[in-house]
Amino acid sequence: MGLPGAGKTVVFNALSLAKVPVATYSAPSTVPNQAVVKVPDARLAALAELFHPRKVTPAEVRYVDVAGLTQGAGRDGQAGQHLAYLRNSDALLIVVRAFASDVVAHPLGPLDPQRDLEVISTELLLADLGVVEKRLERLEKEVRLRKGTDAEQKVRAREYALLQAMQRALIDGKPARSVALDPDDETLLRGYCLLTQKPWLVLLNAGDGGAGRDLVERVRARWEDERAQVAAISGRLEMELAELPPQEADEFRAELELTEPALEGVIQASYRLLDLISYFTVGEDEVRAWTLKRGANAVEAASVIHTSIARAFIRAEVIGHDELLACGSLAEARKRGLLRSEGRNYVFRDGDVAQFLHNG
Ligand SMILES: Nc1nc2c(ncn2[C@@H]2O[C@H](COP(=O)(O)OP(=O)(O)O)[C@@H](O)[C@H]2O)c(=O)[nH]1
Ligand SMILES: [Mg+2]
């Protein structure tokens with residue numbers, strides 16, 4: 001997401017190699033472009049080296065290229081559909097224009113990434129405030145009428161207090177995610193899909209020369225928190241490189257002295273922001289990364305593969321990917337006693353390699 005002309009579609013193309021025509025897509029009613037992108041993972045590549053499987057399957061992130069946000073969208077509800085696309089996402093990737101151009105007009109005048117972010121943030125805060133206040137009004141009525149059982153009234157009182165805390169934060173210009181929540185609270189508020197409760201990846205879309213370090217530092221100082229990150233990318237250049245055959249792209253990169261594979265960094269950062277972890281299954285057929293919510297247990301990990309495995313779960317054999325790589329094979333790991341037998345309640349760690357035993 002981002003303001004019109006920030007380079008959202010360019011960045012989307014670079015990320016997805018989807019080659020969607022640039023600058024043809026602006027009407028808020030248009031269905032957004034979507035692309036599923038494979039997450040580059042050095043651990044997966046190393047495991048594949050070990051097993052030489054027929055198939056290597058990385059984790060995936062889906063990107064949605066939503067039409068440009070206009071100033072006032074958070075207030076007037078005009079962009080309801082537009083915001084709905086954002087509400088249904090797990091995180092926001094906010095593209096901010098940091099390239100100068102005489103050709104491409106900026107909707108707010110001169111180039112100023114910090115101002116753009118203030119505008120975007122304000123719209124999102126206002127949109128959330130609208131949702132929170134509407135819900136508070138209804139809750140107030142229900143509290144007054146003492147609707148429901150004691151237990152229901154208790155939950156309602158809790159929700160009311162939480163939403164008031166959210167309201168105070170939003171009025172203060174702070175994102176909803178600044179209000180600390182325990183897991184029960186999170187469940188209670190999940191349905192509202194607040195935009196400022198989602199993690200943000202702010203992506204400065206710089207010209208071919210890159211964003212200056214100064215700019216990146218200033219934007220970081222203002223916008224980074226535990227669940228908001230700032231990165232910079234030369235969107236158009238990356239898109240053009242992404243369109244080349246890999247080897248040619250590498251040669252260009254070397255020539256331009258682009259040391260960082262910026263796109264990979266952005267994909268990895270977006271995956272990390274979702275608070276997901278990867279675990280791996282290995283074998284001659286397939287080496288594969290599976291995506292789990294951090295904190296998931298062994299049964300939940302099994303159900304990502306298939307619910308029938310979760311239902312018939314007996315135990316999981318688990319080893320850290322680094323331990324397995326050091327051993328060189330599962331047989332050697334077993335011999336050294338490094339293959340652990342874990343029960344239902346084992347909490348999976350990022351980078352675990354697992355095999356499930358089940359009676360199904
Ligand atoms: N000069 C320059 N133009 C760019 C750069 N990135 C994007 N553009 C141009 O900005 C215009 C808008 O880009 P687009 O991705 O369609 O923006 P969107 O409205 O945010 O989706 C297009 O004409 C792009 O070619 C850049 O790094 N440098
Ligand atoms: Mg676009």
Side-chain angles (χ1 to χ4, degrees), residues 1-35 37 62-74 78-79 81-86 89 91-121 123-124 195 200-216 219 230-244 249 252-253 255-258 260-263 265-267 270:
M1 69 158 304
L3 298 175
K8 297 181 297 297
T9 302
V10 163
V11 167
F12 174 85
N13 283 353
L15 287 169
S16 65
L17 318 185
K19 303 192 178 69
V20 174
V22 170
T24 56
Y25 174 76
S26 55
S29 59
T30 321
V31 175
N33 305 312
Q34 301 198 25
V37 175
R62 184 162 53 142
Y63 292 98
V64 184
D65 176 17
V66 178
L69 185 82
T70 46
Q71 207 163 8
Q78 278 278 318
Q81 185 56 42
H82 174 106
L83 290 178
Y85 283 120
L86 299 180
S89 65
L92 301 183
L93 196 163
I94 302 176
V95 178
V96 182
R97 176 155 164 182
F99 66 86
S101 168
D102 300 331
V103 186
V104 186
H106 191 304
L108 304 179
L111 187 65
D112 186 347
Q114 288 286 52
R115 173 210 53 206
D116 291 358
L117 273 164
E118 296 291 350
V119 167
I120 292 166
S121 166
E123 296 308 333
L124 298 179
L195 298 166
W200 289 2
L201 178 57
V202 172
L203 199 54
L204 295 166
N205 180 28
D208 297 357
R213 172 153 298 189
D214 274 10
L215 173 65
V216 177
V219 174
V230 174
I233 190 175
S234 297
R236 196 176 56 177
L237 182 64
E238 290 290 343
M239 178 177 84
E240 285 164 0
L241 288 173
E243 284 166 348
L244 295 174
F252 265 109
R253 270 181 202 289
E255 229 169 273
L256 296 166
E257 294 177 11
L258 295 172
E260 278 172 63
L263 277 185
V266 171
I267 297 167
S270 20

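Read the numbers this way: they start at 1 and go in the same order the structure lists the ligands and their atoms. Fair warning: this is a prediction, and the values are worked out from it, not measured in the lab.
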Is the closest heavy-atom distance from [X] to ligand 1 below 4.0 Å?
X    : result
L3   : yes
S234 : no
G235 : no
G2   : no

Is the shortest heavy-atom distance from the side chain of [X] to the side chain of [Y] under 4.5 Å?
X    : Y    : value
L256 : L237 : yes
L195 : E123 : no
M1   : L124 : yes
V96  : V219 : no

Please list, in number order, the atoms of ligand 1 under 4.0 Å from a heavy atom of [X].
X    : result
G207 : 27 (O)
V104 : 9 (C), 10 (O), 11 (C), 23 (O)
N205 : 6 (N)
A206 : 27 (O)

Hey, what do you get for [atom1] ([X]) to [atom2] ([Y]), rounding to the nearest 0.5 Å?
X    : Y    : atom1 : atom2 : result
L241 : R253 : CG    : CZ    : 5.0 Å
L263 : E238 : CG    : CD    : 4.0 Å
L86  : I94  : CG    : CD1   : 9.0 Å
N33  : D65  : CG    : CG    : 4.5 Å

Of the listed options M1, H106, R97, K8, closest to atom 20 (O) of ligand 1 (non-hydrogen atoms): K8
So for ligand 1, is [X] a polar contact partner (N or O within less than 3.5 Å, distance only)?
X   : result
A6  : yes
F99 : no
T9  : yes

